[in-house]
Novice: 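Sharing a structure with you now.
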Amino acid sequence: MDETNRITCKLESNPAIFFSFLNLGEKSRGGGNMKERNEKLKLMINVLPQKNAVKYLKKRATSTAFVTVLLIILFAIVIVSALSFSGWIDLAKYSGETNIRPWRSMMKKIQQGNKKSSWKERIPFAYWRGNPNVSPVRKDLMKCNVTHNQNWDTLLYIQDWSDQSKKGYKESNIEDQCTHRFKIYVEGWAWSVSEKYIFACDSPTLYITPRYYDFFMRGMIPQQHYWPIRDTDKCRSLKFAVQWGNNHTDKAQAIGNAGSHFIHEDMKMEYVFDYIYHLLNEYVKLQKFDPIVPPNAIEICSESLACSSYGIWRKFMEEALEKSPSYTEPCTLPPPYNFQQLKAFVEQKVNATKQVEEMEDEYWSSLNKSTSLAFS
């Protein structure tokens, strides 16, 4: 391992995350000035049941010997979402268990899926498929499904990964799900790694207001890259979004294309690696100690981790494996926003969301008046 770019990790229960760090290390040890860098980072990757996490943090709170990365704290929300592009697909499962390939391969497959039908030829409803049992917000979303007594212009399907594995994942291929004019994004117990696949489909993403944000979401703008959906009134909000989109097809299609372009172009693996590299180096500056390799430590590279795996895990790890280092510098970080720039950007997003909510309120108010007149 290159001494100038050492990432020391303690692997306890999640080789998929560990593989992603190793892949980054392989990618970032190339030529140029990168070899002259001397940043060192020590991480402890530890996936714990949520109920034990606070107790664990309190027990380790006084230690300065490592940076603890837990999947329910801010660092993990940011960094693990980026690492998911290397093929780690779900907080409880590895990509091999859900048959979802690494990001480079998935982008190509989704692009092929997008070509199967033009946007206006797609089913004019909002589509979502996933596991509703991971969060209350998803269970609440299922109340918006179409029934004999109600129609919110949504088609919602429960995804049972265990059942799909027995069926050979015939109903869960991501590239086969770009068939509806609108795709719904709803978070799980935290951010959901399904987000990038949903945005990639050339259909407007109906984005239910989340509590947790994926790392790239901060740069996306309502009405430009996605359509905001109220978390407090999902069904009516989704209904209005679909009605508006089907009555303003050119504008809706433009939103779908912009969101998809952002994902396919700005979220290429090269840029994701650059982002993770810069992010980790910023965390290095916060460390108050000099990491050293522990006694009796065993060095593991991405190749050895992949080779020790088997079946579809090994297949996808080999597919995601970085075969050679990058011999170009990481992208240069732009200077941070000044106060006025940040204020203007945040206000742009807030105002775009408010405009949608005002249109939605006006739609339902007019509909209620029409209904009242019809029965008067």
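All residue numbers in this chain count up from 1 along the given sequence.
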Novice: Which of parallel (below 30°), tilted (30 to 60°) and perpendicular (above 60°) describes Tyr207 and Phe199?
Specialist: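 Aromatic pair Tyr207/Phe199 classed tilted.
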Novice: Out of curiosity, Ser117 OG to Arg122 CZ, how far, rounded to the nearest 0.5 Å?
Specialist: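 It is 4.5 Å, given to the nearest 0.5 Å.
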Novice: Taking Thr154 for the side chain and Leu156 for the main chain, is one N or O donor matched with an acceptor at less than 3.5 Å?
Specialist: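 Not a single qualifying donor-acceptor pair exists.
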Novice: Going from CG on Asp140 to CE on Met142, what distance comes out if it is rounded to the nearest 0.5 angstrom?
Specialist: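 Rounded to the nearest 0.5 Å, the CG-CE separation comes out at 11.0 Å.
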Novice: Apply the test side-chain contact (heavy atoms from CB on, under 4.5 Å) to residues Tyr185 and Ile208: give CA-CA distance (whole Å), side-chain angles for both, the deciding distance (0.1 Å), then the verdict.
Specialist: CA-CA 6 Å; Tyr185 170 77; Ile208 297 177; 5.9 Å; no
Novice: Going only through I, L, V, M, F, W and Y residues with side-chain contacts under 4.5 Å, is there a path from Val134 to Val193?
Specialist: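 In one cluster: no.
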Novice: Locate the shortest heavy-atom distance separating Ser192 from Asp214; write the atom from each residue and the value.
Specialist: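 Nearest heavy atoms, Ser192 then Asp214: O-OD2, 4.4 Å.
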Novice: Determine whether Pro132 and Ile158 make a side-chain contact, defined as any pair of heavy atoms from C-beta on separated by less than 4.5 Å.
Specialist: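 Yes, their side chains come closer than 4.5 Å.
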Novice: Checking one residue: Val146. Which other hydrophobic residues are in its cluster under the side-chain 4.5 Å linking rule?
Specialist: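 Ile123, Phe125, Tyr127, Leu155, Tyr157, all in the cluster of Val146.
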Novice: Got Tyr197 and Trp103 here, is their nearest side-chain heavy-atom distance under 4.5 Å?
Specialist: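 When only atoms from C-beta onward are counted, Trp103 and Tyr197 do touch, with a gap below 4.5 Å.
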Novice: Does any non-hydrogen side-chain atom of Leu238 lie less than 4.5 Å from one of Phe182?
Specialist: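 Contact flag for Phe182/Leu238 side chains = no.
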Novice: Identify the heavy atoms of Asp274 and Cys331 that sit nearest to each other, and give their distance.
Specialist: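 So the minimum-distance heavy-atom pair works out to OD2-N, 3.1 Å.
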Novice: Please enumerate all residues that pass side-chain contact (heavy atoms from CB on, under 4.5 Å) together with Ala241, with sequence neighbours excluded.
Specialist: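 Ala241: side-chain contact (heavy atoms from CB on, under 4.5 Å) contacts with Leu206, Trp227, Ile229.
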Novice: Enumerate the residue pairs fulfilling salt bridge (charged side-chain N to carboxylate O under 4.0 Å, His left out) with a member in residues 172-190, sequence neighbours excluded, ordered by first and then second residue.
Specialist: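 Salt bridge (charged side-chain N to carboxylate O under 4.0 Å, His left out) check on residues 172-190 returns Lys116-Asp176, Glu187-Arg211.
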Novice: Within this structure, what is the NZ-CE distance for the pair Lys196 and Met217, rounded to the nearest 0.5 Å?
Specialist: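 That separation rounds to 13.5 Å.
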Novice: Quick check: closest heavy atoms across Thr249 and Asn246, and the distance to 0.1 Å?
Specialist: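 So the minimum-distance heavy-atom pair works out to CG2-O, 3.5 Å.
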Novice: Assess the side chains of Trp119 and Glu121: does a donor N or O sit below 3.5 Å from an acceptor N or O?
Specialist: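 No, no side-chain donor-acceptor contact under 3.5 Å.
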Novice: Rounded at 0.5 Å granularity, tell me how far SG in Cys144 sits from NZ in Lys239.
Specialist: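 It is 11.5 Å, given to the nearest 0.5 Å.
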Novice: Salt bridge or not for Lys354 and Asp361, using N-O below 4.0 Å?
Specialist: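 Between Asp361 and Lys354 there is no salt bridge, as every charged N stays at least 4.0 Å from the carboxylate O atoms.
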Novice: Mind checking whether Val272 and Leu333 sit in one hydrophobic cluster, side chains of I, L, V, M, F, W, Y counted as touching below 4.5 Å?
Specialist: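 Val272 does not cluster with Leu333.
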Novice: Do the side chains of Gln341 and Asn338 get nearer than 4.5 Å, heavy atoms only?
Specialist: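 Yes. Closest side-chain heavy atoms under 4.5 Å.
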Novice: Any sub-3.5 Å donor-acceptor pair from Lys369's side-chain atoms to Ser366's backbone N or O?
Specialist: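 Pair absent, no side-chain N/O of Lys369 close to backbone of Ser366.
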Novice: Under a 3.5 Å cutoff, is there a donor and acceptor pairing between the side chains of Ser365 and Glu362?
Specialist: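 Not at all, the side chains of Ser365 and Glu362 share no donor-acceptor pair under 3.5 Å.
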Novice: Determine which pairs satisfy salt bridge (charged side-chain N to carboxylate O under 4.0 Å, His left out) with at least one residue from residues 338-347, sequence neighbours left out, and list them in order.
Specialist: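 For residues 338-347, and leaving out neighbouring residues, the salt bridge (charged side-chain N to carboxylate O under 4.0 Å, His left out) pairs sorted by first residue read Lys343-Glu347.
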Novice: Do you know which two heavy atoms are closest between Gly188 and Ser135, and how far apart they sit?
Specialist: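 Answer, listing the atom of Gly188 first, then Ser135: O-CB, 3.3 Å.
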Novice: So, Arg138 side chain and Asn133 main chain: donor-acceptor pair closer than 3.5 Å or not?
Specialist: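 Flag not set: sc Arg138 to bb Asn133 has no pair under 3.5 Å.
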Novice: So which heavy atom on Asn114 is nearest to which on Cys201, and how close?
Specialist: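 Where Asn114 meets Cys201 most closely, the heavy atoms are OD1-O, 2.9 Å.
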Novice: Calculate, to the nearest 0.5 Å, the distance between atoms NE2 and CG belonging to His225 and Asn257 respectively.
Specialist: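 Output value for this atom pair is 11.5 Å.
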Novice: With hydrophobic residues grouped by side-chain heavy-atom distances under 4.5 Å, do Ile110 and Tyr271 end up in a single group?
Specialist: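 Ile110 and Tyr271: separate clusters.
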Novice: Take Lys251 and Trp244, measure what side-chain contact (heavy atoms from CB on, under 4.5 Å) needs, and give me the verdict at the end.
Specialist: CA-CA 10 Å; Lys251 292 180 179 179; Trp244 182 91; 3.7 Å; yes
Novice: Under the criterion side-chain contact (heavy atoms from CB on, under 4.5 Å), I'd like the reasoning laid out for Glu360 against Ser237: C-alpha separation, chi angles, the key distance, then a yes or no.
Specialist: CA-CA 7 Å; Glu360 184 181 318; Ser237 196; 2.9 Å; yes
Novice: If you look only at distance, which donor and acceptor atoms sit under 3.5 Å apart when one is on a side chain in residues 258-267 and the other is two or more places apart or in another chain?
Specialist:
unit_1	atom_1	unit_2	atom_2	d
Ser260	OG	Ala200	O	3.1
Ser260	OG	Asp202	OD1	2.6
His264	ND1	Gln111	NE2	3.3
His264	NE2	Ala200	O	3.0
Glu265	OE1	Lys268	NZ	3.2

Novice: Could Arg230 and Asp233 be called an ion pair, given the rule that one side-chain N must be under 4.0 Å from one carboxylate O?
Specialist: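 Looking at Asp233 together with Arg230, the answer is no, because their closest N to O distance does not fall below 4.0 Å.
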Novice: Has Lys349 got a side-chain atom pairing as donor or acceptor with Arg218's backbone, closer than 3.5 angstrom?
Specialist: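 Checked: pair present.
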Novice: Would you say Gln253's side chain and Asp250's backbone share a donor-acceptor pair under 3.5 angstrom?
Specialist: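 Judged by distance alone, no pair lies under 3.5 Å.
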Novice: Counting N and O atoms only, with roles assigned by atom type, does the side chain of Trp152 sit under 3.5 Å from a partner on the main chain of Arg236, one being a donor and the other an acceptor?
Specialist: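 Answer holds: no.
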Novice: Kindly work out whether a path of hydrophobic side-chain contacts (I/L/V/M/F/W/Y, heavy atoms less than 4.5 Å apart) joins Trp128 to Val137.
Specialist: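 Yes, Trp128 and Val137 fall within the same hydrophobic cluster.
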Novice: Between CD of Gln223 and CE of Met359, what distance do you get to the nearest 0.5 Å?
Specialist: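 So the gap between those two atoms works out to 5.0 Å.
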Novice: Any chance you could pull the hydrophobic cluster mates of Val346, using side-chain heavy atoms under 4.5 angstrom and chaining through other members?
Specialist: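 ILVMFWY cluster around Val346 also holds Ile221, Tyr337, Leu342, Phe345, Val350.
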